[in-house]
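Below: the structure, in structure tokens.
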Amino acid sequence: MLTRAERQRGYAGGGLVFAGIVVFIALAVFALLSFNSGESDRPFFDAYVWRILRFTLLQAGLSTLLSVALALPVALALARQPNFPGRIWIIRLMAVPMGLPVLIGALGLIGIWGRTGVLNSALATIGLSEPVSIYGLSGILIAHVFFNLPLACRLLLAGLERLPPDYWRLSASLGLPARSIFRFVEWPAVKPLLAGITGLVFMLCATSFTLVLVLGGGPAATTLEVAIYQSLRFDFDPGRAISLALLQIAVTATILALMALLPTPKNDSAATGRAARRFDGSDLGMRVWDGTIVILAVAFLCLPLISIALAGIRADLVRLLTSAIFWKAAWTSLWIAFLAGVISLTAATAIINARAAIADARGPGITARGFSTLLASLSSLVLLVPPVVIGTGWFLLLRPYGDVASFAPLLVVMINAMTALPFVMRVMAPAFATHRQRTARQAANLGIFGFARLRLIDLPVLISPIATALSFAMALSLGDLGAVALFGSEELVTLPWLVYSRLGSYRTADADGLAFILAILCLALTVAGTAGHRVGKDGQQ
Amino acid sequence: MRMTNTLLAAAMAAVFSVVLPAHAQEKKTLTVYTYESFVAEWGPGPKVKAAFEATCDCKVNFVAVADGVALLTRLKLEGAGAKADVALGLDTNLVKEAIDTGLFEKSGVDTAKLTVPGGYRDDIFVPYDYGHFAVVYDTQTVKNPPKSLKELVEGDPSQKIVIEDPRTSTPGLGLLLWVKSVYGDKAPEAWSQLKKRVLTVTPGWSEAYGMFTKGEVPMVLSYTTSPAYHMVEEKTDRYQAASFEEGHYIQIEVAGLLKNAPNRELAQQFLSFMVTPAFQDEIATTNWMMPAAPTEKPLPEAFDKLAKPAKTFLMDPARVAKNRRAWIDEWLAAMSVN
Amino acid sequence: MTASDPSGIRLQNVGLTLGAQQFRFDCELPAGAITAITGPSGSGKSTLLNLIAGFEMPESGRVMIGKRNVAALHPSERPVSLVFQDNNLFAHLDLFTNIGLGIHPALKLSADDRKRISQALTRVGLGGYEKRTPGTLSGGERQRAAFARALVRQRPVLLLDEPFAALDPGLRQTMAALLLDLHRETGNTIAIVTHDAGEVRQLADHALFIDHGEVTLQAEIEVFLMRRDVPGLTEFLDL
């Protein structure tokens, strides 16, 4: 269906992005490895590494299972109730945890679930003296569900909304009960997405660091990421850091590969991309069930956010908002986020186009198919490369060429773009695939190519997923401290950096205020990102 | 489209304004590598910079990284090529490793007048402030604070404390050494008993102190000087440091002269300046640590109310460097048993 | 055959507003007959079908199927089978499952049911296609499968919304013939929305003409085809 030129451009773009990512990572690793630190006397795979590896996998596995399993009923309920009051705001709120600095999220969670949090205080008033403790595995799980359920839920909901509205009419007229609708309609729509979503959430949980330590209750809860950080910081043993990072990548990649082996039927149905009218959601019992699920999920998500907001409001917001450093940081954060988002979207588009070009070719060779798989896995596995490894490696590489502080902003942008890539791919790839399916023949038939195709055919439809992906990527990058902390200089001050620097010098109230502003900023981004979405009912026959 | 272009142009401008190095100044520039909170608007940095620039006819340029550990890592990464004249903000636990890098040389500063407890002397590094590690507690919930490390270890397990991880933070390492100093070979037993009181172990001081001020936990490992911040800035004496009979472990912050300093004389001048009142006067209420040398202005009243350790622990940095890994493994073993 | 027969359909003063458009239907679709529903685009043909099927709830009036007012019933509770222009089958399920869902919505099928599915497939000319998925079939084959499902459902009323519109003319003829055969075997009541005057002539016993949300003519097919006084109808028939 593609012209020769289009296919070649697809290959070229994919190859370029692939080479770019590989070189970006490999150079950093090479620089680190060739740096002689003079100490590597420690046996690599000792009992300690074995123990934290097991814990990393255990907590990531359980966290993923819970996040996705709980996200499913919420997504089903939201899909079934397109007219649920405030639905669009519930969906928007789901982007906020992603943009929060992790520590702020943790403090918000502690405000609700902690020893002196709302929950335990409530239990105490009804006479239960022994507080519910979240410190330990349970705390890690709660926190990971808080951060990842919204992500999983949004991606699942998008999948459900891509089903043709006729399916719901058909189900209603066949009188399919809820269980059958789930078994024959919803589950088949959701199932092909699960491997990708589960993989993404698993990687996020496996590389979790601050949450695991803060809520883990002691060093028994330690992930590989902690050991990587430790070996680059206190021990300064780059060889060990890289070995640990490779172990993390290898084990996780194996698990993801095994998951990918699970059969995922190809879903070739057309899609509409809008919340369809549902006939199975009007029944009273179903409304009560869906309402309960959604309200529980909203409470679970919102209570910590409210606790963050309440703490934030108590801060001296006027002083914070009028300080020069705040505006400098906000501006820096926003343009870093914007550039990172744009680069990430560009790379994702190139990967998607390359894979489409390969799929389009008649009888693609084993090399081409292998390359397609490689592109897909690379675009998610980049999440496992610790930013501290990339940052330190590039620091070493760039040092001979001038003041590293001057390269820092570009590096931070690149690292953030890389981290956002898996998220951007999850949002854009299905939407692009559906769009291509619906328009490829017509466009080819009418001879609409290049810029005209982009302007007339692609952009009007894809602008919505593109906006969503950009807001995802920007929120992610806004809340990220990691990359900035490596280079921190007076010139490069971001909002999370401000939050942490306030926390680091007794100024907790200021930190609360800034975190609140950051959360509002994320919400504003999501509102922009979902602006094209259907808000309420009407609009269909 | 216009909008996009403007945005892009602005973004590019922002990139290049940072990327292009600042143009040459006529005055000499002293480059000081330090940590972030030192140069914060409320930190000592701005005032110290102004005071020194008034005397030296030069410009002071701070390059700030996250903390002392990151500072050392940065120096190791840059090696002899570092543009720094002075590294300010290492602490006694990092001194041995810093000397081993071979990047520093003798400061030539007269440290005779220093008032640092524990008798720390070093002809390479210049101490500029210090603090004792201490358990800070909330007087509203803790009515009988522990009076010794022993009482902390053996106290009511339902009264919790949050501590920092020695693998990732200096206060965490400080507590590890403190317990080792007091308990010696019995440290693992002490840790397994203290474990019952430990609510959680955070990666750094910020997380722990944030949980403490949010009321989640009534005790936190911090510094004897922490209550001064609350008394001076927030006018509350709700948070206090517990004075321990055995004594307290000390953290001394130091600065050093780099061998390849581009402005050697200026650097030495700055290091000497650091132990004069012009520098020391600022430390107490900006860095919230104790000044290491005599001041001209008296310290705020709040500092008189702080716990005054009767005894100061400080291990030989070489011994710490040699045993750190074994002691951390010991700590891990004791703390990981359920 | 009267309207009180179990499968006759009657809309009595049915009123409905969708957006800016108002609908008012008052009509009768005789039991056991094929009624064609025609009219210009956007006149309300599909809305009429949706009212009978239960996808739209009337604001006023009664929707009678046999002696029962079904206006408040859920689509699945109405004695109705449906075939749309497209998407009649779940694309990811094979034909056996798609048709089986018409017998039992949780797919609890007896050996007898399984036999009926195979028979229905054979009847519509798709014998042995049980394991095929809709994506591997042609448009005509997909509509045949939809008919097979309507067959096994054994509902007295069959509603068709432009079922052949996506097919080429030759195929339309064949499919219309098949529909007619099935109708003769089952004696069900059929309402078919169509744009095609040829289809009306070939299939219908009875016809409705809808214009601007109202039924402007309802008559036996012979009468319907002769009328020249209804605005829009002549253009439609001459097309």
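None of these values were measured; they are calculated from a predicted model. First the proteins, then the strands, lettered A, B, ... as listed; each starts at 1.
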Of the backbone (N, CA, C, O) and the side chain (C-beta and beyond), which part of [X] lies under 4.5 Å from a heavy atom of chain A, both, or neither?
X	value
B:Ser226	both
B:Ile163	neither
B:Asn287	neither
B:Thr213	side chain

Measuring from [X]:[atom1] to [Y]:[atom2], what's the distance to the nearest 0.5 Å?
X	Y	atom1	atom2	answer
B:Trp42	A:Asp510	CH2	CG	7.0 Å
A:Tyr48	B:Leu332	OH	CG	5.5 Å
A:Ile110	B:Met211	CD1	CE	3.5 Å
A:Leu32	B:Leu77	CG	CG	8.0 Å

Out of B:Glu233, B:Glu234, B:Lys160, which one racks up the most heavy-atom pairs below 4.5 Å with chain A?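 Of the candidates given, the most pairs with chain A belong to B:Lys160.
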For a quick test of reading the model, state the closest non-hydrogen atom pair linking B:Trp205 to A:Leu503 and the distance between them.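 Scanning both residues completely, I find the closest heavy atoms to be CZ3-O, 3.4 Å.
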If I compare all heavy atoms of A:Arg115 with all of B:Pro218, which pair ends up nearest, and what's the gap?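 Scanning both residues completely, I find the closest heavy atoms to be NH1-CD, 3.6 Å.
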Flag the pair A:Arg502 and B:Glu41 as a salt bridge only when some basic side-chain nitrogen lies within less than 4.0 angstrom of an acidic carboxylate oxygen.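 Salt bridge present between A:Arg502 and B:Glu41.
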Kindly list each side-chain donor-acceptor pair under 3.5 angstrom involving residues 209-219 of chain A, sequence neighbours excluded, with atom names and distances?
none

Are B:Glu36 and A:Tyr500 close enough, and set up right, to give a side-chain contact (heavy atoms from CB on, under 4.5 Å), and what steps lead you there? CA-CA 10 Å; B:Glu36 191 276 332; A:Tyr500 276 88; over 6 Å; no
State which residues pass ring pair (Phe, Tyr, Trp, His ring centres under 6.0 Å) with B:Tyr137; sequence neighbours excluded, sorted by chain then number.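 With neighbours one apart ignored, the set is empty.
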Give the intermediate values and the outcome of side-chain contact (heavy atoms from CB on, under 4.5 Å) for residues A:Thr392 and B:Arg74. CA-CA 9 Å; A:Thr392 316; B:Arg74 173 78 174 248; over 6 Å; no
Flag side-chain contact, heavy atom, 4.5 Å: A:Tyr229 against B:Arg167: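 Side chain of A:Tyr229 against side chain of B:Arg167, heavy atoms only: no contact under 4.5 Å found.
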So does A:Thr116 get a backbone contact from the side chain of B:Glu216, meaning a donor-acceptor N/O pair under 3.5 Å?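 At least one qualifying donor-acceptor pair exists.
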Which of parallel (below 30°), tilted (30 to 60°) and perpendicular (above 60°) describes A:Tyr506 and B:Tyr229?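 Parallel, since the angle between the ring planes stays under 30°.
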What part of A:Ser505 gets within 4.5 angstrom of chain B, counting heavy atoms only: side chain, backbone, both, or neither?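 Answer is both: backbone and side chain atoms of A:Ser505 are under 4.5 Å from chain B.
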